[in-house]
Amino acid sequence: MKKRITIADVIIAAVMIAWGFTIFYPFYNTVLTSFMTEAEYMKHPFSFYVRDITFDAYKTIFTNSKIPRGFTNSLIIVGAYTPLSLFLTATAGYAMSRKRFPLRNLINNFFVLPMYFGGGIIPLYILVKNLGMLNSLWPIILIGAMSTYNMILVKNYFYGISDSLEESARIDGANDIRICFQIYLPLAKPILATILLFCVVGKWNEWYFPLLFITDTKQWPLQLVLRETINEVANKINAGSLSDDQLGIETFSQSVKMATVVVTMVPIMCVYPFMQRYFIKGIMIGAVKG
């Protein structure tokens, strides 16, 4: 039997469509603006289609040496940080999920305590400086590599795996390292994929720590380069330093900003579809088990 559509169903559908539009349109408008000319953007800043498509903004991006270099630095950071964080998080989560682990509760408290109390930015800066890692990518890669939140998700996920698997492996002579990497981690693909997505998105969008620890523009990640571009445009507008002849150049800078945002989002958009089928399952199971 077909379900009868009620007025409440229509209202809910309308509200969800309107809500979805408010979420989708800013992204859609960003893409459109990146293909607009200066004159068209001034006349139709909130258009639904592009009347005169131009690729000048993307040409400007890929001919600017800072953008490709920042893109490369971001790839290096994500490529080094992600496997390191996955390794530390997964192994710590496995150890914390073993009830026979000595001083398990005490060590778990040491992991959780920094989630609520920290030394602050100044001691962190001094530590990085004393280690000789200023103006390098190392502090960006190492800071936060061991995430307590992600470790708790992995630990709770391992709680849901039957202990009989471990017992059977021990009867066959397997040690903890082999049990962790050959039995538990292959069964933890959903939660590991979820954490991988957290790591990639978090480090790809990070700009605050690079701003603190890197003054050499050649070491800047893509987000910091993008931030500099946006600040330069905003400062010119606030200072009122643009003449009528320069107005077209400023509007063109707006399309360059939007094109840069699009280029920044593309790698994450390429990663997410492969992780989506694991994401909901991993985050739900890792959050409620235990």
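Predicted model, so just to flag it, every value in this text is computed and none were measured.
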Rounded to the nearest 0.5 Å, how far does CG of N109 lie from CZ of R104?
10.5 Å

Donor-acceptor pair, N130 side chain versus L127 backbone, under 3.5 Å?
no

Intermediate values then yes/no, ring pair (Phe, Tyr, Trp, His ring centres under 6.0 Å), F48 and Y28:
CA-CA 8 Å; F48 287 94; Y28 179 71; 7.1 Å; no

Relative to each other, are the rings of F55 and Y58 parallel, tilted or perpendicular (30° and 60° limits)?
tilted

List the atom of A145, the atom of T89, and the distance in Å for their closest heavy-atom pair.
O-OG1, 4.1 Å

How close do Q223 and E206 get, counting heavy atoms only, and between which atoms?
CB-O, 3.7 Å

If we only count heavy atoms from C-beta on, is the R98 to E166 side-chain gap below 4.5 Å?
yes

Using the benzene-type ring in the case of Trp, are the ring centres of W204 and F71 under 6.0 Å apart?
yes

Does some side-chain heavy atom of F198 sit less than 4.5 Å from a side-chain heavy atom of Y149?
yes

Would you indicate whether the side-chain heavy atoms of L142 and L84 approach each other to under 4.5 Å?
yes

Ionic contact status for E167 with R170, cut-off 4.0 Å
no

Do T215 and N135 meet the criterion of a side-chain donor-acceptor pair at a distance under 3.5 Å?
yes

Taking everything shown except L106 itself, do over 12 heavy atoms lie less than 6.0 Å from its CG?
yes

Taking all non-hydrogen atoms of both residues, which atom of Y49 and which atom of L32 are closest, and how far apart?
N-CD1, 3.7 Å

State yes or no: do I7 and I17 share one hydrophobic cluster built from I, L, V, M, F, W and Y residues joined by side-chain heavy-atom distances below 4.5 Å, directly or via other members?
no

Y125, I141: one ILVMFWY side-chain cluster at the under-4.5 Å cut-off?
yes

With M151, which of L88, T91, N108 fulfils side chain to side chain contact (heavy atoms under 4.5 Å, CB included)?
N108

Any side-chain heavy atom of I214 sitting closer than 4.5 Å to one from L137?
yes

Answer whether the closest heavy-atom distance between the side chains of T6 and V10 falls below 4.5 Å.
no

Cation over ring face, R178 and F181, 6.0 Å, 45°:
no

Mind listing the closest non-hydrogen atom pair of T30 and V262 along with its distance?
CG2-CG2, 4.1 Å

Do the side chains of F24 and V261 join up, straight or via other hydrophobic residues, at under 4.5 Å, putting them in one cluster?
yes

Relative to each other, are the rings of Y184 and F158 parallel, tilted or perpendicular (30° and 60° limits)?
perpendicular

